[in-house]
Each structure stands twice: as C-alpha cells, then as structure tokens.
Amino acid sequence: MDMVTTRMDDAKNAAERFASYVTIAGDPAYGLILLCDHAENRLPAEYGTLGLPPAEFERHIAYDPGAGAVTRGLAERLGAPAALTTFSRLLIDPNRSEDDPTLIMRLSDGAIVPGNHRVDAAERQRRLERYYAPYHAAVEGMIDRSIAAGVIPALVSVHSFTPLWRGRARPWQIGILWDADPRLSLPMVEHLAADRSLLVGDNEPYSGALIRDSMYRHGTRRGLAHALIELRQDLIADEAGAAAWVDRLAPVMADLNALPDIHEIRHHGSRTGPVEPL
Ligand SMILES: [Zn+2]
C-alpha cells in the first residue's frame with residue numbers, strides 16, 4: 001500500500017471510530033487528576049439505542065446526569081487534568097472490573113436492555129477493547145505524566161446519584177465514597193461538613209469499597225490517594241446547578257491539594273480483599 005492510500009484509510013477509520021473518551025490537558029504537575037466514568041449517555045451509531053426507548057437514555061441507568069459538567073468545570077477552574085468517557089455505561093461500564101457480571105448490564109433499574117442480551121465473548125471483548133480499555137489507558141497515561149512532571153497525583157472521581165432510591169428520598173447533597181485509603185476522602189468529608197447547610201455522606205449513599213472498580217484500579221493498586229464524589233442529581237441537573245457546585249467544590253479541592261501526604265505513594269490495601277499487584 002502506498003503512503004497516500006494508507007493516509008486515506010487512516011482518516012476513514014478515524015472518522016468511523018467513536019472516540020471513547022475526552023481529556024482536558026490541564027497542568028500535569030497540578031496534583032489532582034479528575035475522572036468522570038459516567039459522563040455521557042451517547043452510543044456509537046452501530047449500537048442504535050441497544051433496543052431501548054430513547055427516554056431511557058435520559059435516566060441514571062445510561063449516565064450520571066450533571067457529573068460531566070461538574071468535572072469539566074472543576075478541571076477548568078483548577079487547571080487540573082481530567083478524563084471523561086463519551087459513551088453510555090449501558091454499552092460497557094468503565095467503573096466495573098473486566099470480569100464483573102454487571103460490566104454489561106442486561107437489566108438495569110427495571111429496564112431490560114435488549115441489545116445486551118446476546119452479548120457473546122467476542123462482542124464483550126470488542127467493547128472492552130474499543131471503549132473501556134482506551135479510557136483506562138488514558139487515565140494511566142495522565143497519572144504517568146504527572147509523576148514524570150514530579151508530582152504524585154491524587155485522584156478525584158466525580159459521579160452523581162438519584163434523589164430517590166426504591167421510593168425513599170436520599171437526604172445527602174453529596175457523598176464521599178472510599179475504600180481503605182483515608183488520606184483524601186476523610187479531609188474532604190470534614191471540609192464539606194464544615195458547611196452546616198450540607199448533609200455530607202461518608203460512604204453514603206453507598207460504600208466505596210467496591211470490588212475492583214475504577215478507583216481500585218487507578219488508586220488502590222498504585223498507592224495513590226483518591227476519593228469518589230457522588231453529587232445528588234437534582235442539584236446539578238442544569239448548568240446553573242452544576243456551576244454552583246463547581247464554585248463550592250473548587251476551593252475545597254484546592255485546599256486538599258495542599259495536603260502533603262496525598263502526594264506520596266502509600267498502599268493502604270482494600271476492604272474488598274487482597275490487592276492484586278499492578
Ligand atoms: Zn457513576
């Protein structure tokens with residue numbers, strides 16, 4: 001194949017490919033790296049709507065409403081690097097391990113996902129290779145660049161949770177989820193709870209000790225300080241709400257970034273069991 005043909009093929013492939021993540025470069029030496037595993041509700045065209053009514057893509061089963069806007073806002077305000085996925089978690093969930101039975105959901109909060117019913121090993125591998133793995137490789141690259149720039153980074157993962165769960169209202173505005181490394185998460189809870197108008201969840205609405213999730217992969221296994229922020233979806237559903245939370249969280253993040261011990265590699269293990277070596 002000559003050079004011109006190769007270049008044309010590359011361009012065609014690139015146009016057909018669905019980039020599985022976006023990054024905000026930021027300053028690799030800033031000290032914090034932001035992650036958003038569930039930023040978007042889109043699917044590559046070849047998957048249609050996975051057989052679901054389009055309205056299902058407006059719900060939390062497809063993504064974390066508001067989390068992308070808060071992540072982008074914080075990255076821009078702080079000058080921190082960030083990585084955000086561009087595909088719906090219904091395609092494949094980047095916040096699960098490769099062998100987790102809920103990696104590709106067949107049933108999610110009452111909705112049957114027809115396009116996921118006959119996913120065989122080859123299709124599962126395809127989704128892993130095209131969508132899941134490139135995002136995680138991008139996060140690894142960001143961490144490596146920070147270390148190369150002379151700073152051990154701490155990781156902040158941004159998610160959002162539904163105000164109602166099984167008919168019960170969740171009272172927290174924000175929750176900080178963590179497993180065994182308290183270095184970033186506990187000071188974050190304390191800082192936020194200093195605002196008496198907030199009810200801050202410490203491992204609420206659910207525990208952050210999830211088997212081999214994204215924070216385990218990038219934080220626990222590498223010995224990097226990390227915390228997962230869960231924001232209540234009704235508070236960040238529109239631009240003004242997301243911007244208000246960026247205003248509230250940015251100074252907290254900047255203060256926490258000054259803690260010296262979050263910029264050291266320390267292995268705290270996991271409440272979920274023995275930690276696999278990298
Ligand atoms: Zn999420």
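Every number for a ligand or one of its atoms is a count from 1 in the order of the listing. Only this structure's heavy atoms are used, side chains among them; waters, hydrogens and symmetry mates stay out.
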Minimum-distance atom from the Zn ion (ligand 1) among N, O or S atoms of His38 = ND1

key: Asp247 bridged to Arg77 by N-O distance under 4.0 Å   = yes

ask   = Closest to the Zn ion (ligand 1), which N/O/S atom of His159 is it?
value = ND1

query = Have Arg170 and Thr162 got a donor and an acceptor in their side chains that come within less than 3.5 Å?
reply = yes

message = Closer than 4.0 angstrom, basic N to acidic O: yes or no for Arg72 and Glu76?
response = no

inquiry  = Looking only at N, O or S atoms in Asp64, which is nearest to the Zn ion (ligand 1)?
reply    = OD2

ask   = Think Arg168 forms a cation-pi with Trp165, using NZ or CZ under 6.0 Å from the six-ring centre and within 45 degrees of its axis?
value = no

